[in-house]
Amino acid sequence: MDDKVDPLEWGRVLLGPYPPLFYAEIAVRILMLLALLLLVVHILGKRGQQNLSPMQQLLLVALGSAAGDVMLYPELSIGYAAMVLVGVTLLTIGIEKSANHARWFRDYLESRPCVLVQDGEIDVAVLKRERTTRRELYAILRQNGATALSQVELAVLEVTGDVSVILNDSIPLERDLIEYLKVRKVGDVAAPPHTASA
């Protein structure tokens, strides 16, 4: 492509610098890459279709970049994309299998589940380390049916980024996770429980 670019040349801006038949090539590339990506999903198995590990999230970024570039740039061949897509997938699977045999390696790649709340007590240090605010935590607890911190037996930040919440059977004396949200007068909301600056 020429180094000289005419600004606001609408034919180039809207249609691109390549001949119109290149659109047909893009369509063929899309179909071929879709077939390759379906192969990758098959290789990843069922786990790849649900919550992804941090390694699989990195894999998706790499796959998206490789697939997108090949669809748009005529100088990149489908063969290059196939090698990148299959190669990165197999490498990721190999790394994950290695991590299953070495705990320190798995902990480095995926970290470990972290207990955010245990028996109604928030572990503030873990909350800060995981860069989670109390308000985010309270929202997750409410979404899981808690109306008070005293109901929360365990809240665990999983390696997938989800928070698992286990509630006890107690009936709370106060509903501190929802009472502070109730409007006392128009536009006035009380501070969240256990903190004035959550």
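Everything quoted here is computed from the prediction, not taken from an experiment.
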Undergrad: Which atom pair, heavy atoms only, marks the closest approach of Leu149 to Asp176?
TA: N-OD1, 3.0 Å

Undergrad: Taking the side chain as everything from C-beta on, heavy atoms only, tell me whether Glu153 gets closer than 4.5 Å to Asp119.
TA: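 Glu153 vs Asp119: side chains touch.
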
Undergrad: Mind checking what makes salt bridge (Lys or Arg N to Asp or Glu O under 4.0 Å) contact with Arg131, not counting sequence neighbours?
TA: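 With neighbours one apart ignored, the set is empty.
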
Undergrad: If you group Ile, Leu, Val, Met, Phe, Trp and Tyr whenever their side-chain heavy atoms sit less than 4.5 Å apart, what else falls in with Val156?
TA: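 For the cluster that includes Val156, the remaining residues are Val115, Leu154, Ile166.
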
Undergrad: For Leu14, I'd like to know if atom CG has over 12 heavy atoms of other residues, nucleotides or ligands within 6.0 Å.
TA: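 Yes, CG of Leu14 has more than 12 neighbouring heavy atoms, counting only those of other groups under 6.0 Å.
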
Undergrad: Can you name the side-chain hydrogen bond (donor to acceptor under 3.5 Å, both in side chains) partners of Glu121, sequence neighbours left out?
TA: none

Undergrad: Locate the shortest heavy-atom distance separating Leu177 from Arg142; write the atom from each residue and the value.
TA: O-NH1, 2.9 Å

Undergrad: Would a hydrophobic clustering, with Ile, Leu, Val, Met, Phe, Trp and Tyr connected at side-chain separations under 4.5 Å, put Tyr80 with Ile30?
TA: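 Yes, one cluster joins them.
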
Undergrad: CG/Leu33 to CD1/Ile26 distance, rounded to the nearest 0.5 angstrom?
TA: 11.5 Å

Undergrad: Transitively linked via ILVMFWY side-chain contacts under 4.5 Å: Val163 with Ile178?
TA: no

Undergrad: A quick test of your reading: do over 12 heavy atoms of other residues, nucleotides or ligands sit less than 6.0 Å from CG of Leu31?
TA: yes

Undergrad: Is there a side-chain contact (heavy atoms from CB on, under 4.5 Å) between Leu39 and Thr89 once you walk through the steps?
TA: CA-CA 10 Å; Leu39 173 67; Thr89 301; over 6 Å; no

Undergrad: How about Leu127 and Asp123: do any of their side-chain heavy atoms sit closer than 4.5 Å?
TA: no

Undergrad: Let me confirm one number: the CD-CG distance from Glu130 to Leu116, rounded to the nearest 0.5 Å.
TA: 7.5 Å

Undergrad: Find out whether Lys97 and Ile93 are in side-chain contact, i.e. whether some heavy atom of one side chain is under 4.5 Å from a heavy atom of the other.
TA: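 With C-beta onward as the side chain, the pair touches.
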
Undergrad: Do Asn168 and Gln151 touch side chain to side chain, with heavy atoms closer than 4.5 Å?
TA: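 Yes; the side chains approach each other to less than 4.5 Å.
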
Undergrad: Taking the side chain as every heavy atom from C-beta outward, state whether Leu63 and Leu85 have any pair of such atoms under 4.5 Å apart.
TA: yes

Undergrad: Do Val61 and Ser65 have side-chain heavy atoms sitting under 4.5 Å apart?
TA: no

Undergrad: Closest heavy-atom contact between Leu15 and Tyr23?
TA: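 Looks like O-OH, 2.8 Å.
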
Undergrad: Check whether any side-chain heavy atom of Asn144 sits under 4.5 Å from a side-chain heavy atom of Val152, and report yes or no.
TA: no

Undergrad: Quick one, Pro172 and Thr147 - any side-chain contact, counting heavy atoms below 4.5 Å?
TA: yes

